[in-house]
2 protein chains.
Amino acid sequence: MAKTDTKTPRERYRAQVRAEVKERAWEQIATAGASALSLNAIARQMGMTGPALYRYFASRDDLITELIRDAYQSLAETFRTASASGADLAGLAHALRGWALEDPQRYLLIYGTPVPGYHAPEDITGIASEIMGTLLGACTALACDDPAAPFATHLADHRHWAAGHSAPAATLHQALNFWTRLHGVLSLELAGHFTGMGFDPALLFAAEVNDLLADRA
Amino acid sequence: MAKTDTKTPRERYRAQVRAEVKERAWEQIATAGASALSLNAIARQMGMTGPALYRYFASRDDLITELIRDAYQSLAETFRTASASGADLAGLAHALRGWALEDPQRYLLIYGTPVPGYHAPEDITGIASEIMGTLLGACTALACDDPAAPFATHLADHRHWAAGHSAPAATLHQALNFWTRLHGVLSLELAGHFTGMGFDPALLFAAEVNDLLADRA
DNA sequence: GCTGACAGTTAGAGGCTATCACGAACGTAT
DNA sequence: ATACGTTCGTGATAGCCTCTAACTGTCAGC
């Protein structure tokens with residue numbers, strides 16, 4: 001994050017414009033959702049006409065894809081630094097919730113409703129598996145005695161997504177549980193399905209984390 | 001569902017056109033997602049011009065809202081009939097997954113990414129709480145000995161969403177867990193986040209249901 | 001200082017939502 | 001059977017969007 005001046009002035013300007021476009025795009029997404037993102041509106045805010053932005057992004061979808069990539073990268077970094085500073089599973093869970101609440105639409109851009117045809121580029125799935133990697137790392141740190149549960153034995157035959165990790169299948173299962181359960185609470189909270197029910201979503205989340213940490217038969 | 005002919009011929013025609021519009025709308029949503037729904041395209045498919053449809057639906061958002069209502073009603077009915085035919089929690093879970101896989105975008109229309117400003121009409125939240133009602137009913141049928149867990153005590157003070165139900169707070173917590181955990185697995189599966197990982201989502205779902213049914217401390 | 005690459009403009013095609021005024025069709029009531 | 005009022009569908013129009021193409025400045029590097 002130090003070498004912002006390594007290239008020609010034109011390229012620096014270009015990078016700056018691209019950054020500002022993304023910034024405004026995030027603002028728009030935060031207030032009106034990704035489907036309402038308008039290149040035209042962004043250009044207007046920046047004092048230019050619409051077509052000018054096509055010098056910087058090939059298309060609207062291209063911009064969105066880049067935002068998705070940035071979001072993944074931001075989450076991966078959050079996980080990485082949390083894990084580097086000795087966070088356990090609970091710490092990771094806390095980091096995840098903090099990251100999600102920081103910008104709900106950013107979370108939903110990754111884990112929310114996808115457009116049916118869309119396929120993420122290769123490098124994005126790479127980042128996603130790095131996230132899974134640190135999650136698996138935190139799971140192996142926990143004792144986990146799940147003796148031949150049916151799904152764990154199934155996982156033993158389908159563990160190629162766990163890349164290098166040599167964790168037992170029960171641990172893979174726990175990582176998946178961590179993912180799906182926290183996503184379940186978080187996504188419903190972010191989507192506003194708990195509003196009006198009165199209880200504190202943070203406590204429900206915490207209870208779920210506790211349950212996740214308790215040794216399960 | 002028998003009295004389709006109770007009104008004037010004009011009203012029958014009107015109802016039929018509205019039904020056909022909705023049908024095409026569901027097709028469009030299933031193939032391209034809700035954000036791609038186009039009144040114009042529907043009108044073209046039906047051999048009319050765009051503005052004609054505004055006689056039947058006040059706006060695009062109005063149509064979508066009605067689709068959301070229908071989706072909720074369909075899910076509520078699925079739950080109702082499942083519960084009426086003696087389904088327990090596992091049966092309800094199975095019914096939920098079946099309903100979701102039947103039309104993934106319909107599930108995501110309800111539980112997926114919302115547009116930030118949107119607020120569902122009153123009657124829709126009513127249907128939602130009916131769904132919660134049958135879920136609570138199935139939960140009370142299960143022994144549930146959660147001795148004063150922190151979140152359960154919190155729920156005891158915030159249980160107005162459980163309307164008439166007199167279930168103990170631990171049961172409310174279990175119903176919430178049922179909701180969030182199954183949604184977690186289902187939504188990630190429907191959004192395609194498991195594709196390429198190789199394992200069978202149905203088994204992960206089943207494992208989650210099993211864990212939900214096992215008495216938890 | 002010249003030149004070529006690049007920025008940004010206008011114009012335009014084609015899509016969308018949504019409103020309006022108009023004519024045509026239809027059921028009903030006389 | 002005819003006349004009437006309601007309702008349906010159309011074309012025109014405004015305003016928004018994405019995205020392409022051609023044209024014009026402007027800046028960096030030789």
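In what follows, chains are A, B, ... by sequence order, proteins preceding strands, each numbered from 1. Hydrogens, waters and symmetry mates play no part in the numbers below; they use all other heavy atoms, side chains included.
The nucleotide whose nearest atom lies closest to any side-chain atom of A:R55 is, among D:dG9, D:dC23, C:dT17, D:dC23. Set against D:dC17, D:dG9, D:dT18, the side chain of A:Y54 has D:dT18 as its closest nucleotide. If you check D:dT10, C:dG8, D:dC17 against the side chain of B:T49, the one that comes closest is D:dT10. Considering only side-chain atoms of A:P9, the nucleotide from C:dT28, D:dC19, D:dA28 that sits closest is D:dA28.
Interface remark: the B:R10 side chain does form a donor-acceptor pair with the D:dT6 base, using a distance-only criterion of under 3.5 Å.
Whole-Å rounding puts the B:D62 CG to C:dT19 P distance at 11 Å. D:dT18 atom P lies 8 Å from atom CD1 of A:I42, rounded to whole Å. Between the C1' atom of C:dT9 and the CG atom of A:N40 lies a distance of 14 Å, rounded to the nearest Å. Between B:D61 atom CG and C:dT17 atom P the separation is 11 Å, expressed in whole Å. The CZ-C1' distance, from A:R14 to D:dA28, rounds to 16 Å in whole Å. Between B:L53 atom CG and D:dT7 atom P the separation is 18 Å, expressed in whole Å. Rounding to whole angstrom units, CE of residue A:M48 and P of C:dA7 are separated by 10 Å. For the pair A:M46 CE and C:dG8 P, the interatomic distance rounds to 8 Å; values are reported in whole Å.
For the pair A:G47 and B:G50, both in contact range of DNA chain C, the more 5′-proximal nearest nucleotide belongs to A:G47.
Residue B:Y56 is in sugar-phosphate contact alone, with no base atom involved, counting any heavy-atom pair closer than 4.0 Å across all strands shown. Within the 4.0 angstrom heavy-atom criterion, only backbone atoms of the sugar-phosphate kind lie near A:S38; the bases stay farther away.
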Ring pair (Phe, Tyr, Trp, His ring centres under 6.0 Å) between B:F194 and A:W179: does it pass, once the steps are laid out?
CA-CA 11 Å; B:F194 295 155; A:W179 185 19; 5.6 Å; yes
Ring pair (Phe, Tyr, Trp, His ring centres under 6.0 Å) for A:F199 and B:H154? Distances and angles first, verdict last.
CA-CA 7 Å; A:F199 64 82; B:H154 172 72; 7.1 Å; no
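Within the structure, a side-chain polar atom (N or O) of A:Y13 is placed less than 4.0 Å from OP1 or OP2 of C:dG8. Considering only side-chain N and O atoms, A:R44 lies under 4.0 angstrom from the phosphate OP1 or OP2 of D:dC17. For the pair A:R60 and D:dC17, the criterion of a side-chain N or O lying under 4.0 Å from OP1 or OP2 is not met.
One finds the OG1 atom of A:T134 at 8.5 Å from the CZ atom of A:R80 (value rounded to the nearest 0.5 Å).
Among residues at least two apart or in separate chains, side-chain hydrogen bond (donor to acceptor under 3.5 Å, both in side chains) pairs with a member in residues 91-103 of chain A are A:S74-A:W99, A:R97-A:E189, A:E102-A:R106.
Remark: the B:H183 side chain and the A:S187 side chain contain an N/O donor-acceptor pair separated by less than 3.5 Å.
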